[in-house]
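Pasting a structure below so you can have a look.
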Amino acid sequence: MHSSAVFLIEFGAIILGLGLLGRFAARFQFSPIPLYLLAGLAFGEGGLLPLGTSEDFVAIGAEIGVILLLLMLGLEYTASDLVSNLKTQYPAGLVDAALNALPGAAMALLLGWGPVAAVVLAGVTWISSSGVIAKVLGDLGRLGNRETPVVLSILVLEDLSMAVYLPIVTALLAGAGLAAGSVTLAIALGVAGLVLLLAVRYGRHISRFVSSDDPEKLLLVVLGLTLVVAGLAQQLQVSAAVGAFLVGIALSGEVAEGAHNLLAPLRDLFAAVFFVFFGLHTDPASIPPVLLPALALAVVTALTKIATGYWAAKRAGISVKGRWRAGGTLVARGEFSIVIAGLAVTAGIEPSLGPLATAYVLILVILGPLTARYTEPVATRLTERLGRRTPGGPADTRGRADADAEPSADAPHDAVEGQDVVGRP
């Protein structure tokens with residue numbers, strides 16, 4: 001059979017399969033990410049039916065998928081939002097980094113993988129999945145809850161930290177020395193600061209330049225600009241994903257909203273291809289040996305994320321039930337954990353890192369929606385039992401006081417207000 005025909009059949013089968021898996025996940029209301037990863041495992045090296053001619057194209061599609069993920073993330077926020085979050089929520093971001101990055105680094109060192117792998121695995125365990133969490137908040141009707149802005153602030157700070165973290169990881173994976181790594185980081189910080197400054201002062205002018213009433217022209221200009229900036233960023237040894245993220249931040253208003261609507265289907269397509277590509281390069285036989293460390297790491301970092309959300313919500317004056325909901329919502333890991341692990345897999349740093357990251361994400365992307373739904377009722381029930389065992393104990397009294405003092409503090413507002421909280425103003 002002609003090679004182009006084989007390519008069309010293979011790639012068409014991949015897209016069709018992803019569509020069916022997505023529909024299956026939507027039917028049962030959970031994230032399709034684990035299914036995409038499993039599909040990649042099934043058709044990759046050591047899988048049921050390894051791919052042939054379409055693998056190179058899938059690799060390019062995966063790279064575009066990462067760029068679009070970060071672009072769309074940048075479109076969610078304005079530069080002023082980011083500056084405001086940095087000023088008010090940075091303590092929560094520091095606690096988040098300390099509690100959730102350190103377990104990953106410690107696990108890598110315990111496994112004898114070395115300092116570079118430790119930095120990579122720290123990022124894998126640190127960053128929550130914005131996509132999964134946003135979907136869970138919508139599905140549970142919590143977009144207008146008082147704790148939701150706290151959750152979103154932590155996610156924004158994590159996204160901002162990617163602009164610093166990814167250049168560091170890129171330099172380490174490339175084997176750059178201290179001097180070269182410092183130059184790379186300085187360039188990345190300089191570019192990020194310059195883009196934020198331009199976005200704050202001249203965001204309207206940039207958006208007006210990109211703006212078009214024709215959806216086709218708007219799509220072409222935004223996508224083309226993003227790919228050019230991502231390529232230039234990569235040429236400067238800065239992550240292409242960071243370049244895409246900064247483009248998203250620079251756009252605002254109607255342009256950002258229009259670009260978001262136009263690019264969302266492309267993002268979903270190429271992001272799914274990215275997850276498949278990551279699975280393609282993971283041998284299923286390599287997962288069982290790292291399953292126990294992945295499970296232990298998942299349990300520890302699920303608890304540390306819950307603690308992070310609880311502390312941040314308490315600091316914001318949210319009631320006890322809202323604190324538990326905030327913590328449980330942050331547990332899910334997903335796209336960015338895989339992006340970070342994918343960089344290490346491509347660089348060939350540690351063969352077992354990719355399988356461990358795959359198993360880890362599979363566990364938490366399934367567990368995350370469950371903790372979001374059940375952490376608060378389980379914690380409340382345990383607190384009540386402890387209160388019964390110690391009559392007049394502080395736990396029982398505190399729970400009732402919060403409920404009486406804030407009868408509607410954590411109740412969802414109407415749908416319009418919820419959209420204002422989550423969406424770009």
Side-chain angles (χ1 to χ4, degrees), residues 84-85 87-103 125-130 132-159 298-333 364 367-390 392-413 417-418 421-422:
S84 174
N85 276 304
K87 289 180 178 179
T88 59
Q89 297 294 339
Y90 73 89
L94 294 175
V95 170
D96 179 35
L99 289 181
N100 297 287
L102 290 178
T125 59
W126 173 17
I127 306 296
S128 297
S129 171
S130 301
V132 174
I133 290 172
K135 178 170 174 46
V136 168
L137 288 172
D139 291 343
L140 296 179
R142 296 181 182 173
L143 296 179
N145 281 24
R146 283 192 60 194
E147 75 272 5
T148 297
V150 175
V151 173
L152 295 178
S153 294
I154 292 174
L155 294 178
V156 170
L157 289 169
E158 290 181 351
D159 300 336
V299 171
V300 170
T301 54
L303 294 175
T304 54
K305 274 293 182 183
I306 291 173
T308 298
Y310 187 96
W311 183 88
K314 180 180 179 180
R315 181 173 175 271
I318 307 300
S319 70
V320 173
K321 290 185 177 181
R323 298 171 199 170
W324 287 118
R325 284 197 295 268
T329 302
L330 287 168
V331 167
R333 309 309 201 274
L364 287 186
L367 184 64
L370 298 177
T371 59
R373 186 184 296 268
Y374 296 113
T375 295
E376 180 265 316
V378 170
T380 301
R381 187 168 299 178
L382 289 175
T383 302
E384 289 174 353
R385 286 186 179 181
L386 290 174
R388 292 194 195 101
R389 291 181 181 178
T390 56
D396 189 49
T397 305
R398 177 69 177 274
R400 287 200 211 98
D402 277 327
D404 294 337
E406 291 190 77
S408 60
D410 300 307
H413 302 301
E417 184 175 356
V421 171
V422 173

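All of these numbers come straight from a predicted model, not from anything done at the bench. The first residue of the sequence shown is numbered 1, and numbering continues consecutively from there. Quick note: numbers below take in every heavy atom, side chains included, and nothing from hydrogens, waters or symmetry partners.
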**OP:** Check for a donor-acceptor pair, side chain of Thr375 on one end and backbone N or O of Arg325 on the other, with a separation under 3.5 Å.
**Re:**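 No; zero donor-acceptor contacts below 3.5 Å.
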
Original post:
Which heavy atom in Val150 sits nearest to a heavy atom in Ala316, and how many Å separate them?
Top reply: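 Taking every non-hydrogen atom into account, CG2-CB, 3.7 Å.
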
Original post:
Can you find a heavy atom in the side chain of Ile306 that is under 4.5 Å from one in the side chain of Trp324?
Top reply: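 The answer is yes; the side chains approach within 4.5 Å.
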
Original post:
Taking side chain as C-beta onward, heavy atoms only, is Leu330 less than 4.5 Å from Leu155?
Top reply: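 A side-chain contact exists here, since the closest heavy-atom pair is under 4.5 Å.
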
**OP:** Grab the two heavy atoms, one from Ala313 and one from Gly322, that are nearest each other, plus how far apart they are.
**Re:**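 Distance-wise, the nearest heavy atoms are CB-O, 4.5 Å.
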
Original post:
Between the main-chain N or O of Arg142 and the side-chain N or O of Thr148, is there a donor-acceptor pair closer than 3.5 Å?
Top reply: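 Confirmed, Thr148 side chain pairs with Arg142 backbone.
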
Original post:
Which distance, rounded to the nearest 0.5 Å, do you find between the CZ of Arg323 and the CZ of Arg146?
Top reply: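 With rounding to 0.5 Å, CZ (Arg323) is 10.5 Å from CZ (Arg146).
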
Original post:
Under a 4.5 Å cut-off applied to non-hydrogen side-chain atoms, are Leu102 and Trp126 in contact?
Top reply: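 Sidechains of Trp126 and Leu102: no contact.
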
Original post:
Considering only heavy atoms from C-beta outward, does the side chain of Ile154 approach that of Ser128 to under 4.5 Å?
Top reply: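 Sidechains of Ser128 and Ile154: no contact.
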
Subject >> Taking every non-hydrogen atom, the tightest pair across Leu364 and Ala302 >> reply: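 Shortest heavy-atom contact: CD2-CB, 4.3 Å.
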
**OP:** Working to the nearest 0.5 Å, report the span between CG of Leu99 and CG of Leu94.
**Re:**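 Here the rounded value is 11.0 Å.
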
**OP:** Using a 4.5 Å cut-off on heavy atoms from C-beta on, say whether the side chain of Thr301 contacts that of Arg333.
**Re:**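 Arg333 reaches Thr301 side chain to side chain.
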
**OP:** Taking atom types as modelled, find out whether Thr380 and Glu384 have a side-chain donor-acceptor pair closer than 3.5 angstrom.
**Re:**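 Checked: Thr380/Glu384 side chains show no N/O donor-acceptor pair below 3.5 Å.
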
Original post:
Gly328 and Thr371: which non-hydrogen atoms are nearest, and at how many Å?
Top reply: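 Closest approach of Gly328 to Thr371, heavy atoms only: O-OG1, 2.8 Å.
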
Original post:
What salt bridge (Lys or Arg N to Asp or Glu O under 4.0 Å) pairs are there with at least one residue in residues 298-311, not counting sequence neighbours?
Top reply: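 The answer is Asp96-Lys305, Glu158-Lys305.
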
